[in-house]
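Heads up: the structure comes next, in structure tokens.
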Amino acid sequence: MSYSRGKDVSSFESPGVRVGLNLGLMGGTFDPIHSGHLVVAEEVRIGFRLDRVTFIPSARPPHKPGRAVTCPEHRYAMALLATASNPHFDVSRVEIERPGLSYSIDTVRYFRDSDPDGKLFFITGADAISEILTWKDPAGLIEMCEFVTVARPGYNFDDLQNLKQKLGTGLVSKIHVFETTPVDISSTEIRRRLSQGVSVKYLVPDEVLEYIEKTGLYRT
Ligand code: ATP
Ligand code: MG
């Protein structure tokens, strides 16, 4: 496991010419996408010299049982609106189009096959990385990409020590803890505020707020 404070992680520059892209993958429910997601993606993009960060709204998240998730097309539309002004960001429909539960390993395999010379960086917050052992085939997943995990207010990295013991050192070395500007925003809090008629201005981009108001999402 490596820890980096600086904004320049040049160790991923491979010697010689490599044609593939350095691609960041930011998976999530994005219900709705918020400024926390965007700050993390942008700072990791710069720190790891990524060519692009692709946001991947999950269609049927395996980890969100019991809560009705907003329809994928709304979440996709909001992700598009939120990322439209950044030339290095895009949004993928891969999990929306794929039937069944949305497993990260299937998604990472898809991006690896799309650019076999590329290097993939799966970006998660501290809460998500703590749960990685409950994901489908975590070892296979980590083998295919680098993991960049960022701090999230209210969560710690204690479980990473657990991970160290359960994964071999080869895999653990692919998990990088990276410091980004802490932004204490969650979609849960945004949904809560909206259901009570409380402002979320600046917590989500204006375009996303306009979309939420136009569609009446999260009002109840
Ligand atoms: P919810 O409250 O519905 O779970 P969320 O805010 O956690 O929503 P997700 O779509 O679940 O958003 O998260 C997608 C990814 O972004 C996860 O890896 C999560 O850890 C990370 N993430 C979300 N918000 C933040 C934040 N404020 N700081 C750092 N990472 C974050
Ligand atoms: Mg979450």
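In listed order, ligands and their atoms are each counted from 1. In this chain, residues are counted from 1 in sequence order.
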For ligand 1, which atoms have a heavy atom of S186 less than 4.0 angstrom away? 2 (O), 6 (O)

Please check if any side-chain donor atom of D31 sits under 3.5 Å from a side-chain acceptor atom of T70, or the reverse. yes

Pull out every atom of ligand 1 sitting under 4.0 Å from any heavy atom of V40, numbered as shown with elements. 29 (C), 30 (N)

Residue pair E189, R193: steps toward the salt bridge (charged side-chain N to carboxylate O under 4.0 Å, His left out) verdict: CA-CA 6 Å; E189 172 65 11; R193 288 196 192 190; 3.0 Å; yes

With a 3.5 Å distance limit and no angle check, can you tell me whether K136 reaches the backbone of Y103 through a side-chain donor-acceptor pair? no

Holding to salt bridge (charged side-chain N to carboxylate O under 4.0 Å, His left out), I want the full list of residues that pass it with R93, two or more places apart in sequence or in another chain. E73, E97

Does any N or O in the side chain of N22 come within less than 3.5 Å of the main-chain N or O of D51, such that one atom is a donor and the other an acceptor? no

Any idea which atoms of ligand 1 are less than 4.0 Å away from a heavy-atom of V183? 26 (C), 27 (N), 28 (N)

Less than 3.5 Å between some nitrogen or oxygen of G36 and one of ligand 1, yes or no? no

Polar atom proximity, P153 to ligand 1 (N or O, under 3.5 Å): no

Side chain, backbone, both or neither: A151 near ligand 1, heavy atoms under 4.0 Å: backbone

Does any N or O atom in D31 lie less than 3.5 angstrom from one in ligand 1, N or O only? no

So do Y218 and S195 actually touch side chain to side chain, heavy atoms under 4.5 Å? no

Below 4.5 Å, heavy atoms only, C-beta onward: do V177 and V150 meet side chain to side chain? no

Could you walk me through whether F48 and F178 pass the ring pair (Phe, Tyr, Trp, His ring centres under 6.0 Å) check? CA-CA 9 Å; F48 283 78; F178 186 69; 5.1 Å; yes

Measuring from atom 14 (C) of ligand 1, which candidate in A128, G27, G125 has the nearest non-hydrogen atom? G27

Nearest non-hydrogen contact to atom 3 (O) of ligand 1 from the set R192, R191, R152 belongs to R191

Flag side-chain contact, heavy atom, 4.5 Å: E42 against N86: yes

Can you sort out which atoms of ligand 1 are near G28, meaning under 4.0 Å from one of its heavy atoms? 10 (O), 14 (C)

Could you label the plane-to-plane angle of the F147 and W135 rings as parallel, tilted or perpendicular, counting under 30° as parallel and over 60° as perpendicular? tilted

Can you check whether T29 has an N/O within less than 3.5 Å of an N/O in ligand 1? yes

Does only the side chain of E189 get under 4.0 Å from ligand 1, or the backbone, or both, or neither? Count heavy atoms. neither

Sub-4.0 Å atoms of ligand 1 with respect to non-hydrogen atoms of M26: 16 (O)

Geometric N/O contact T124 with ligand 1, under 3.5 angstrom: no

Atoms of ligand 1 close to F30 [distance to a heavy atom under 4.0 angstrom, numbered from 1]: 10 (O)

Min over V150, L203, T180, D127 of heavy-atom distance to atom 20 (O) of ligand 1 lands on D127

Residues S186 and R191: side-chain donor-acceptor under 3.5 angstrom: no

What I want to know is whether A126 and ligand 1 share at least one N or O pair that is separated by under 3.5 angstrom. no

